[in-house]
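Just so it is clear, the values below take in all heavy atoms, side chains as well, and ignore hydrogens, waters and symmetry mates. What you are looking at is a predicted structure, and each value in this text was computed from that prediction instead of being measured.
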Amino acid sequence: MSPKIHVLIWLGQLLLLMVVYSVLCALAPDTWLYDIYTSRFGFLTEEEWYDRYIPALMILSVFLTTLLILIIALFRNPHKKS
C-alpha cells in the first residue's frame with residue numbers, strides 16, 4: 001500500500017474514534033452515573049467527577065472503536081479456505 005492509503009486509513013480510524021466518543025458523550029447518562037457513584041462512595045466535586053468520567057469514556061470509546069475496526073476487517077477480508 002502507498003503512504004497515501006495508510007494516511008487515509010489512519011484518518012478514517014480517527015474519524016471513527018471521534019464519532020464513537022461523541023455518541024458515548026451524547027448517550028451516556030452522566031447524571032445518573034454520578035448519583036450512583038456518590039451514593040456509594042460519597043461526595044465528589046464536579047471537577048473530580050469529570051476527571052474520572054471523561055477518561056473512562058475515552059477508554060471505552062477506544063475499546064469500542066478497536067472492536068468495530070476488527071469486525072469491519074473480518075467482514076471485508078474473510079479468510080478463504082482452499
Side-chain angles (χ1 to χ4, degrees):
M1 283 193 282
S2 70
K4 290 179 185 178
I5 298 297
H6 285 286
V7 170
L8 288 175
I9 289 172
W10 184 82
L11 288 173
Q13 292 171 348
L14 181 62
L15 177 66
L16 181 61
L17 176 64
M18 290 187 327
V19 167
V20 169
Y21 181 74
S22 298
V23 167
L24 283 177
C25 284
L27 297 179
D30 59 335
T31 307
W32 178 71
L33 290 172
Y34 178 78
D35 290 340
I36 290 175
Y37 190 88
T38 54
S39 69
R40 290 186 183 175
F41 301 109
F43 178 74
L44 281 177
T45 65
E46 186 177 345
E47 182 179 345
E48 291 173 328
W49 168 248
Y50 282 112
D51 284 346
R52 296 174 187 185
Y53 180 69
I54 299 298
L57 280 182
M58 183 53 78
I59 291 169
L60 182 61
S61 66
V62 167
F63 179 72
L64 289 175
T65 302
T66 303
L67 285 177
L68 284 172
I69 291 170
L70 177 67
I71 291 169
I72 291 169
L74 289 175
F75 281 115
R76 290 200 64 190
N77 298 322
H79 297 289
K80 295 180 181 179
K81 295 182 181 180
S82 303

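Taking each heavy atom of L57 and L24 in turn, the nearest pair found is O-CD1, 3.9 Å.
Counting non-hydrogen atoms of other residues, nucleotides and ligands closer than 6.0 Å to CD of E48 gives a total above 12.
Here I69 contributes atom CD1 and L64 contributes atom CG; the two are 11.0 Å apart, rounded to the nearest 0.5 Å. One distance of note links CZ of R40 with CD1 of I36; it measures 6.5 Å at 0.5 Å rounding.
Residues V23 and L16 do not share a hydrophobic cluster, defined by chaining ILVMFWY side chains whose heavy atoms lie under 4.5 Å apart. Under the 4.5 Å side-chain contact rule for hydrophobic residues, V62 and Y53 share a cluster. V19 and L60 fall into different hydrophobic clusters, where Ile, Leu, Val, Met, Phe, Trp and Tyr residues are linked whenever their side-chain heavy atoms come under 4.5 Å apart, directly or through other members. By the criterion of side-chain heavy atoms lying less than 4.5 angstrom apart, applied directly or through intervening Ile, Leu, Val, Met, Phe, Trp or Tyr residues, I54 is not grouped with M18; the two fall into different hydrophobic clusters. Linking ILVMFWY side-chain heavy atoms closer than 4.5 Å, directly or via other members, places V7 and L14 in a single hydrophobic cluster.
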Margin query: side-chain contact (heavy atoms from CB on, under 4.5 Å) for D51 and E47? Distances and angles first, verdict last.
Written below: CA-CA 6 Å; D51 284 346; E47 182 179 345; 3.9 Å; yes
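Here ring-ring contact (aromatic ring centres under 6.0 Å, His included) pairs that include residues 24-44, with residues two or more places apart or in two chains, are Y34-W49, Y37-F41, Y37-W49. Evaluation of the side chain to side chain donor-acceptor pair (under 3.5 Å) test over residues 15-30, restricted to residues two or more places apart or in two chains, returns D30-Y50. Pairs engaging residues 55-76 under the side chain to side chain donor-acceptor pair (under 3.5 Å) rule: none recorded [sequence neighbours left out].
Residue Q13 is tested with L11, I9, L15, L17 for a side chain to side chain contact (heavy atoms under 4.5 Å, CB included); the sole match is I9.
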